[in-house]
K.L.:
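I'd like to ask you about the structure that follows.
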Amino acid sequence: MLKTKRPWLWIVGTAVVVIALAGGLLVWAFVVRSMSDPGSVAGLGMRIDGNKVTVKAAQCPGDRPLRVEVRDSASEKLVWHAAGPLTDQGKNGQLTLWKAEDYREAAAGHAPAQLPGELDVLVDYGSGGGTGEVFDMSAVKAARIPDGSYWTSAGLKTAKEMDAVLDCSGHRPAAS
């Protein structure tokens, strides 16, 4: 046994370390669980029609997407971005990617001939709000998506179904 002049100091120190480790383990478990929760809301969906790639961002009434970014998930390289949707569909969260004329500002260029294996799409509503999803492009391309529906991590959903899963109670539309 360890001999010290102050055994209570050793006991208190050990207790603090054990409590800190237990607390850290609980935080880690919570983060891992919340990140891998299969019941999470499908905040973003995608569909591919020929060369046209469209995403649907779930949103509460009155919300308007401000910016969309598309990145290659493997390299984190920015592939395309746009801001200020001009069309009614875009203002309602149905954003056609690589169609610069649909936005106030947009990066030049067309969709790459060969899309990356995974695309990370982020939609920003301003004031800290937004949604994002990493899309496995082979899964989206292989899906038989009916008109008006989108491939999501929670299965095929219509735009209305995606918006309906959000809790918009007490929601105030973002300032435009």
Side-chain angles (χ1 to χ4, degrees), residues 35 37 39-176:
M35 288 175 59
D37 181 10
S40 61
V41 173
L44 206 56
M46 180 182 280
R47 65 177 296 115
I48 299 175
D49 299 297
N51 292 330
K52 180 180 172 184
V53 180
T54 307
V55 295
K56 165 58 180 150
Q59 61 189 46
C60 290
D63 276 350
R64 297 291 176 258
L66 300 178
R67 180 176 171 83
V68 60
E69 286 186 1
V70 182
R71 295 184 178 272
D72 178 337
S73 288
S75 68
E76 292 292 322
K77 178 184 174 207
L78 184 62
V79 177
W80 188 79
H81 63 90
L86 299 172
T87 66
D88 288 339
Q89 292 87 359
K91 292 174 184 176
N92 289 318
Q94 296 172 344
L95 305 162
T96 302
L97 306 180
W98 291 286
K99 192 170 180 192
E101 61 270 19
D102 284 1
Y103 300 88
R104 188 175 26 80
E105 298 173 18
H110 301 282
Q114 181 66 35
L115 290 170
E118 290 185 334
L119 282 181
D120 188 356
V121 180
L122 305 166
V123 176
D124 179 23
Y125 294 104
S127 302
T131 187
E133 183 74 44
V134 175
F135 292 97
D136 176 345
M137 298 310 294
S138 61
V140 177
K141 288 177 186 176
R144 294 178 189 250
I145 305 171
D147 288 346
S149 294
Y150 297 85
W151 185 96
T152 75
S153 57
L156 296 179
K157 303 278 182 199
T158 66
K160 284 185 178 185
E161 289 172 329
M162 290 175 66
D163 290 343
V165 298
L166 296 177
D167 179 8
C168 297
S169 60
H171 173 74
R172 284 201 201 128
S176 324

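Predicted, not measured: the structure shown is a model, and the values here were computed from it. Just so you know, residue 1 is the first one in the sequence shown, and it goes up from there.
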K.L.:
Is any side-chain heavy atom of Cys168 less than 4.5 Å from a side-chain heavy atom of Pro61?
P.N.:
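Heavy-atom side-chain distance check passes, below 4.5 Å.
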
K.L.:
The test is side-chain contact (heavy atoms from CB on, under 4.5 Å); show your working for Met137 and Met46 and say whether it passes.
P.N.:
CA-CA 9 Å; Met137 298 310 294; Met46 180 182 280; 3.6 Å; yes

K.L.:
Would you indicate whether Glu101, at its atom CD, is surrounded by more than 12 heavy atoms from other residues, nucleotides or ligands within a distance under 6.0 Å?
P.N.:
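Check passes, neighbour count above 12.
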
K.L.:
Considering non-hydrogen atoms only, spot the tightest contact between Ala82 and Ala106 and give its length.
P.N.:
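Residues Ala82 and Ala106, closest heavy atoms: CB-CB, 3.8 Å.
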
K.L.:
Testing the basics here: between Trp151 and Ala143, what is the closest heavy-atom pair and its distance to 0.1 Å?
P.N.:
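In terms of heavy atoms, the two residues are closest at CD1-CB, 3.7 Å.
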
K.L.:
Is any side-chain heavy atom of Leu44 less than 4.5 Å from a side-chain heavy atom of Phe135?
P.N.:
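Side-chain contact under 4.5 Å: yes.
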
K.L.:
Quick check: are there more than 12 heavy atoms from other residues, nucleotides or ligands sitting under 6.0 Å from NZ of Lys141?
P.N.:
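Enclosed: over 12 neighbouring heavy atoms sit under 6.0 Å from NZ of Lys141.
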
K.L.:
To the nearest 0.5 angstrom, please state how far the CG atom of Leu166 sits from the CD atom of Gln59.
P.N.:
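Answer rounded to 0.5 Å: 9.0 Å.
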
K.L.:
Might you point out which heavy atoms bring Tyr125 and Gly130 nearest each other, and give the distance in Å?
P.N.:
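In this case the closest contact between Tyr125 and Gly130 is CD1-CA, 3.5 Å.
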
K.L.:
How long is the straight-line distance from CD of Glu133 back to CD of Glu118, given to the nearest 0.5 Å?
P.N.:
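Rounded to the nearest 0.5 Å, the CD-CD separation comes out at 10.5 Å.
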
K.L.:
Between CG of Asp63 and OG1 of Thr131, what distance do you get to the nearest 0.5 Å?
P.N.:
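Rounded to the nearest 0.5 Å, the CG-OG1 separation comes out at 11.5 Å.
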
K.L.:
Which of these, Leu97, Asp120, Leu122, sits in a side-chain contact (heavy atoms from CB on, under 4.5 Å) with Val70?
P.N.:
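The passing option is Leu97.
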
K.L.:
Knowing that exactly one of Thr158, Val55, Thr54, Ile145 qualifies, which makes a side-chain contact (heavy atoms from CB on, under 4.5 Å) with Tyr150?
P.N.:
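The passing option is Thr54.
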
K.L.:
Enter the distance from Lys99:NZ to Leu86:CG here, rounded to the nearest 0.5 Å.
P.N.:
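Reported value, rounded in 0.5 Å steps: 11.0 Å.
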
K.L.:
Closest approach of Pro65 and Gly90, non-hydrogen atoms and distance?
P.N.:
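The pair with the smallest heavy-atom distance is CG-O, 3.2 Å.
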
K.L.:
Hey, does the side chain of Lys56 reach the backbone of Asn92 with a donor-acceptor pair shorter than 3.5 angstrom?
P.N.:
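Yes, the answer is positive, given that a donor and an acceptor are paired below the 3.5 Å cut-off.
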
K.L.:
Determine whether more than 12 heavy atoms belonging to other residues, nucleotides or ligands lie under 6.0 Å from atom CG of Asn51.
P.N.:
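It does not: Asn51 CG has 12 such atoms or fewer within range.
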
K.L.:
State whether the side chain of Glu105 and the backbone N or O of His81 hold a donor-acceptor pair below 3.5 Å, judged by distance alone.
P.N.:
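Checked: no pair found.
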
K.L.:
Kindly indicate, with the supporting measurements, whether the criterion side-chain contact (heavy atoms from CB on, under 4.5 Å) is fulfilled by Asp147 and Arg47.
P.N.:
CA-CA 9 Å; Asp147 288 346; Arg47 65 177 296 115; 3.9 Å; yes

K.L.:
Quick one: closest heavy-atom pair of Gly50 and Ile48, and the distance?
P.N.:
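In this case the closest contact between Gly50 and Ile48 is O-CG2, 3.5 Å.
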
K.L.:
Looking at every non-hydrogen atom in both residues, tell me the closest pair between Val134 and Ser73 and how far apart they are.
P.N.:
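Shortest heavy-atom separation between Val134 and Ser73 comes out as CG1-OG, 3.4 Å.
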
K.L.:
Kindly assign one of parallel, tilted or perpendicular to the pair Tyr103 and Trp80, based on the angle between their ring planes and the thresholds 30° and 60°.
P.N.:
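Rings of Tyr103 and Trp80: perpendicular, as their planes differ by over 60°.
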
